[in-house]
There are 2 protein chains.
Amino acid sequence: MAEVGRLAGVSQVTVSRALSSPEKVSPETLRRIRDAVNQTGYVPNAVAGALASSRSKLIAALVPSITNIFYSSSLQAFSDIMREQGYQIMLSETGFDPEREEAAIAAHLSRRPDAIMLTGVRHSAAARRMLLNAGIPVVEVWDLTETPVDCCVGFSQGAAAEAAADLALASGYRHAVTVTAGNERAQRRRDAFAARFETAGHGPVERIDLGPSATLGLGREALAQLVERGLRPGTVVFCSSDQFAHGILVEAAARGLAVPKDVAVIGFGDQDFATATEPALTTIRIDRQALGQAAATALIQRFAGFPGLDPVHDVGFELVRRGSA
Amino acid sequence: MAEVGRLAGVSQVTVSRALSSPEKVSPETLRRIRDAVNQTGYVPNAVAGALASSRSKLIAALVPSITNIFYSSSLQAFSDIMREQGYQIMLSETGFDPEREEAAIAAHLSRRPDAIMLTGVRHSAAARRMLLNAGIPVVEVWDLTETPVDCCVGFSQGAAAEAAADLALASGYRHAVTVTAGNERAQRRRDAFAARFETAGHGPVERIDLGPSATLGLGREALAQLVERGLRPGTVVFCSSDQFAHGILVEAAARGLAVPKDVAVIGFGDQDFATATEPALTTIRIDRQALGQAAATALIQRFAGFPGLDPVHDVGFELVRRGSA
DNA sequence: GTGAAAGCGCTAACAT
DNA sequence: ATGTTAGCGCTTTCAC
């Protein structure tokens with residue numbers, strides 16, 4: 001920066017000004033400085049800038065898994081908006097593990113991000129403490145709570161599952177099975193669905209709990225298992241993800257079972273393939289883009305000094321009825 | 001840090017040592033410093049550390065799209081290894097756009113990362129210049145070139161597509177159609193497949209070029225279109241992604257077409273569902289984990305001072321023959 | 001509109 | 001094993 005200044009015949013400070021607030025520098029000087037920047041191939045050092053100004057223009061983002069479309073697509077929407085505002089994203093995966101999350105939070109906070117985005121509202125006590133001490137905006141996504149660290153953007157997992165149960169009951173299904181991936185959010189939906197279904201006097205709800213990742217193949221196996229146990233007529237299967245639901249459709253077709261007559265299926269997520277399966281999936285749609293955008297907006301508002309604005313933002317869900325239930 | 005030192009009765013430098021190289025500090029002092037750290041809730045400032053040491057422990061990673069499982073899963077493997085080594089990831093998406101890539105490179109380099117991972121080997125001239133000037137290790141993934149900026153880890157898109165064409169020819173298919181997503185890597189595979197197929201005297205290869213994202217629904221539409229045009233017996237469809245291939249299977253089933261008899265399908269990617277479709281997908285498997293890991297390893301070797309080690313690393317591909325072709 | 005001086009919170013080099 | 005000194009490359013403040 002000093003060298004650029006020498007070339008342009010000004011001091012180092014003026015170069016700094018020309019780069020960060022060009023309007024404070026005379027047009028003529030600005031021109032000379034820009035020429036000098038191009039000549040030298042000068043690349044500003046944002047590390048030094050961050051240290052001097054204590055604004056890093058970095059946002060920390062923590063997601064359980066980047067390969068899970070739920071999180072990657074909301075993160076995409078989030079980071080698109082942040083990038084437009086001149087922020088960059090530091091990313092970590094937590095693998096649904098509070099301890100890994102805690103370690104990641106510590107690591108990220110040491111880099112002095114201007115804000116942090118977390119997935120979920122359950123964090124270790126130490127994590128909460130660090131976040132509070134950091135004194136930066138924090139947004140928690142994908143869940144709702146009355147007591148966010150700072151603010152949260154999500155929807156009620158329980159309400160979504162209950163809506164699915166209500167649809168199933170209203171459609172006359174009297175036996176229900178849940179097919180659930182091994183993560184806490186999915187399990188909460190499973191429990192809420194089962195509770196609602198059983199409260200209506202139709203239970204017990206059968207549970208099939210599967211591994212951490214929701215795949216088509218596991219969905220197929222789940223139906224195969226159900227059939228072997230003896231599939232009762234009027235059964236509806238509530239899946240923690242559209243992948244499972246799709247697997248059930250494929251297995252049903254392979255076995256000559258009619259959907260929804262022999263077995264009905266409700267998915268979760270309304271992923272891109274949900275309209276294109278045979279039959280199309282009845283599922284719970286989450287607007288993942290809107291979720292990510294709302295999270296970004298919440299942070300930007302906080303930067304602008306509206307810290308009190310809607311600490312809890314419910315983006316809702318939509319039960320989309322198609323052919324499978 | 002100074003305050004921690006005061007509490008522990010040592011100078012600020014000793015605290016710095018205790019934190020970064022504990023073995024250089026006496027056990028007793030170390031204990032006192034650790035106590036003081038816990039008491040104060042001190043969080044180290046990695047920004048200042050990076051400025052002073054000119055090592056940021058940050059890695060920049062640029063991918064076309066984070067929602068695309070090809071890139072997200074290799075990125076996951078990459079960042080897992082990097083995290084183990086104490087590095088954190090700054091992420092940007094380029095949307096397959098060289099200009100966006102150039103802007104992202106400039107933005108990331110100003111943060112002085114210790115290394116940078118790029119997707120693909122085609123970059124703007126300005127981007128190449130910046131990367132070279134940065135003087136840090138650079139790894140380009142998902143493609144191979146004789147002239148990497150620094151080193152590359154990938155496979156030959158052309159060779160993979162040619163292997164698929166050879167399989168199709170050997171299996172006796174005499175008409176071929178390509179179904180391709182709108183990105184440059186997919187298009188190179190399409191062209192290589194068509195060239196090989198036509199060179200064998202069986203052409204022309206029909207092309208169906210689709211939008212940027214590969215979905216099941218678009219795959220269905222592609223087959224619908226083909227059937228309307230008149231599907232010739234002995235046709236094989238080469239897809240740029242397993243999603244398209246799966247869509248073709250679904251549409252074929254809906255129309256009562258037998259696979260591979262009435263129409264054969266070759267996918268790309270060997271995604272998790274490829275074994276579970278009906279019939280299972282014949283596809284090209286890329287070990288995305290291995291790719292990400294190799295990229296991380298290449299950078300780590302460079303950090304350790306083996307700059308000359310294998311500038312070009314071919315992770316290969318595997319043609320997996322299942323039921324669909 | 002521009003410059004001089006101070007300092008952000010660390011690490012590196014050297015000294016003890 | 002520990003301390004002293006000098007900076008890393010910027011931004012901030014204050015002066016002109």
Side-chain angles (χ1 to χ4, degrees), chain A residues 1-34 36-37 40-58 86 88 106-114 133-136, chain B residues 1-34 36-37 40-58 86 88 106-114 133-136:
Chain A
M1 202 174 243
E3 199 201 321
V4 171
R6 215 171 305 129
L7 244 158
V10 295
S11 77
Q12 172 266 334
V13 226
T14 306
V15 179
S16 171
R17 281 199 194 94
L19 264 36
S20 46
S21 28
E23 74 284 359
K24 292 186 176 168
V25 162
S26 81
E28 164 57 14
T29 312
L30 191 56
R31 200 192 46 68
R32 289 209 318 280
I33 290 175
R34 290 209 166 130
V37 165
T40 52
Y42 166 75
V43 179
N45 185 327
V47 178
L51 181 62
S53 68
S54 48
R55 281 176 293 101
S56 62
K57 284 278 177 177
L58 275 175
Q88 276 175 76
H108 279 117
L109 288 183
S110 77
R111 303 230 120 100
R112 298 296 189 267
D114 288 345
N133 286 340
I136 55 174
Chain B
M1 203 174 240
E3 199 201 321
V4 171
R6 215 172 305 129
L7 243 158
V10 295
S11 78
Q12 172 264 335
V13 228
T14 307
V15 180
S16 171
R17 281 199 195 93
L19 266 34
S20 46
S21 29
E23 74 285 357
K24 292 187 178 167
V25 162
S26 82
E28 163 59 13
T29 313
L30 191 56
R31 200 192 46 69
R32 289 210 316 279
I33 289 176
R34 291 210 165 130
V37 165
T40 52
Y42 166 74
V43 179
N45 185 327
V47 178
L51 181 61
S53 67
S54 49
R55 280 177 295 98
S56 63
K57 284 278 178 177
L58 274 175
Q88 277 174 77
H108 279 118
L109 289 183
S110 77
R111 303 234 122 99
R112 299 292 189 267
D114 288 345
N133 286 340
I136 55 174

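Note on naming: letters A, B, ... go to the chains in the order of the sequence lines (proteins, then strands), and numbering restarts at 1 for each one. Side chains included, hydrogens not; waters and symmetry mates left out as well; all remaining heavy atoms used.
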Output the single nucleotide from C/dA4, D/dA1, D/dC10 whose closest atom is nearest the side chain of A/Arg17. C/dA4
Candidates D/dT11, D/dT2, C/dT11 - which lies nearest the side chain of B/Ala52: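 Selected nucleotide: C/dT11.
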Assign B/Ser26 to base, sugar-phosphate, or nothing according to its heavy-atom contacts below 4.0 angstrom with the strands shown. sugar-phosphate
What is the distance from [atom1] of [X] to [atom2] of [N], rounded to the nearest Å?
X	N	atom1	atom2	answer
A/Tyr42	D/dC10	OH	P	3 Å
B/Met1	C/dA12	CE	C1'	13 Å
B/Glu3	C/dC10	CD	C1'	16 Å
B/Leu19	D/dT2	CG	P	14 Å
B/Leu51	C/dT11	CG	C1'	10 Å
B/Arg55	C/dT11	CZ	P	9 Å

For B/Gly9 and B/Arg112, find the nucleotide of DNA chain D closest to each by heavy atoms; which residue's nucleotide sits nearer the 5' end? B/Gly9
5'-most contact on DNA chain C: A/Gln12 or A/Glu23, nearest heavy atom basis?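 Comparing both residues, the 5'-ward one is A/Glu23.
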The residue, B/Val13 or B/Asn45, whose nearest nucleotide of DNA chain C is more 5′ is B/Asn45
Is any side-chain nitrogen or oxygen of B/Thr29 closer than 4.0 Å to OP1 or OP2 of D/dA1? no
OP1 or OP2 of D/dG3 under 4.0 Å from side-chain N/O of B/Thr14: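 For B/Thr14, the contact criterion (side-chain N or O under 4.0 Å from OP1 or OP2 of D/dG3) is met.
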